[in-house]
Amino acid sequence: MKVKEYSLKYNKTGIDTRIIRNSTDTSEVLREVFDADEINIYECFYILLLNNSLKVQGFAKISQGGITQTTADTRLIAKYAIDSLASNVVLAHNHPSGNTSPSGQDKRLTDNIVKALDLLEIKVIDHIILTDNDYYSFRDGGLL
């Protein structure tokens with residue numbers, strides 16, 4: 001698959017050979033995707049694009065915000081997923097504060113994205129919140 005002009009990334013540090021089996025695998029891949037400075041300075045929202053076998057096909061940076069928030073446009077997420085022929089996606093963003101707890105806004109956004117992608121038969125398998133030293137998995141936490 002070729003690199004698309006719209007910042008869909010492939011082959012960064014070999015993540016395209018990784019298979020997502022659990023939240024630990026996911027967090028390890030995401031730490032390779034996020035720039036180290038991003039995690040502690042400002043919120044960013046990424047998606048991992050996975051095939052039907054949960055193999056990472058690529059990733060896309062959806063947004064970069066300020067210190068306490070960023071936005072994620074569901075239509076952009078759907079576009080990247082469709083363009084890459086992803087069967088599954090992982091949502092991810094960071095909390096520079098170091099607090100891994102999802103906010104009410106994080107939960108609402110996740111629910112909206114899950115509902116929208118479900119119409120396209122694309123499954124959201126997890127939403128990970130990264131901090132410098134830890135992560136929170138919506139799936140492990142029973143929120144997905």
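This one's a predicted model, so the numbers in the text were calculated from it and none came from an experiment.
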Can you tell me how far the OH atom of Y46 sits from the CD atom of E38, to the nearest 0.5 Å?
3.5 Å
Report yes or no: do S103 and D106 form a side-chain donor-acceptor pair below 3.5 Å?
yes
Can you name the residues that form a ring-ring contact (aromatic ring centres under 6.0 Å, His included) with Y136, not counting sequence neighbours?
F138
Name the residue from K107, R139, H93 that meets the side-chain contact (heavy atoms from CB on, under 4.5 Å) definition with H127.
H93
Given L117, which partner from the list I82, I122, N112, T74 fulfils the side-chain contact (heavy atoms from CB on, under 4.5 Å) test?
I122
Report the residues that fulfil side chain to side chain contact (heavy atoms under 4.5 Å, CB included) with L30, sequence neighbours left out, ordered by chain and then residue number.
T26, F34, L48, A92, I128, L130
Run the side chain to side chain contact (heavy atoms under 4.5 Å, CB included) test on Q64 and E43 for me, step by step, so that the C-alpha distance in whole Å, both residues' side-chain angles and the decisive distance to 0.1 Å come before the verdict.
CA-CA 6 Å; Q64 177 177 312; E43 280 199 20; over 6 Å; no
Starting from the C-alpha separation in whole Å, work towards a yes-or-no answer on side chain to side chain contact (heavy atoms under 4.5 Å, CB included) for K61 and C44.
CA-CA 7 Å; K61 185 176 191 176; C44 296; 3.8 Å; yes
A81 to L49 - nearest heavy-atom pair and separation:
CA-CD2, 3.7 Å
Residue pair L120 / A78: nearest heavy atoms and the distance that separates them
CD1-CB, 3.9 Å
Heavy-atom closest pair, residues R31 and I39:
NH1-CD1, 3.8 Å
Take L144 and V124 through the test side chain to side chain contact (heavy atoms under 4.5 Å, CB included) and record every step on the way to the result.
CA-CA 8 Å; L144 195 63; V124 176; 4.0 Å; yes
To the nearest 0.5 angstrom, please state how far the OG1 atom of T131 sits from the NE2 atom of H95.
9.5 Å
Supply the atom-to-atom distance R75 CZ to I113 CD1, rounded to the nearest 0.5 angstrom.
12.0 Å
Can you name the side chain to side chain contact (heavy atoms under 4.5 Å, CB included) partners of N40, sequence neighbours left out?
D132
What is the minimum heavy-atom distance between N52 and N88, and which atoms define it?
CA-ND2, 3.9 Å
Could you pull out the closest heavy-atom pair between N51 and Q57, with the gap in Å?
ND2-NE2, 3.3 Å
Side-chain donor-acceptor pair under 3.5 Å between S101 and N99, yes or no?
yes
Y135 and E28: side chain donor to acceptor below 3.5 Å:
no
Is any side-chain heavy atom of I62 closer than 4.5 Å to a side-chain heavy atom of I47?
yes
Nearest-0.5 Å distance, CD1 of residue I129 to CG of residue N94
9.5 Å
Applying side chain to side chain contact (heavy atoms under 4.5 Å, CB included), run through V29 and F59 and close with a yes or a no.
CA-CA 10 Å; V29 169; F59 66 93; over 6 Å; no
Roughly how far, to the nearest 0.5 Å, is the OG atom of S53 from the CD1 atom of I19?
7.0 Å
What distance do L91 atom CG and I77 atom CD1 have between them, rounded to the nearest 0.5 Å?
5.5 Å
Say whether D126 and S137, considering side chains only, have a donor N or O and an acceptor N or O under 3.5 Å apart.
yes
Across all chains, not counting sequence neighbours, the side-chain hydrogen bond (donor to acceptor under 3.5 Å, both in side chains) partners of D25 are none
What pairs with T70 under side-chain hydrogen bond (donor to acceptor under 3.5 Å, both in side chains), at least two apart in sequence or on another chain?
S63
If you link ILVMFWY side chains whenever their heavy atoms are less than 4.5 Å apart, which other residues fall into the same cluster as I41? By chain and number, please.
Y42
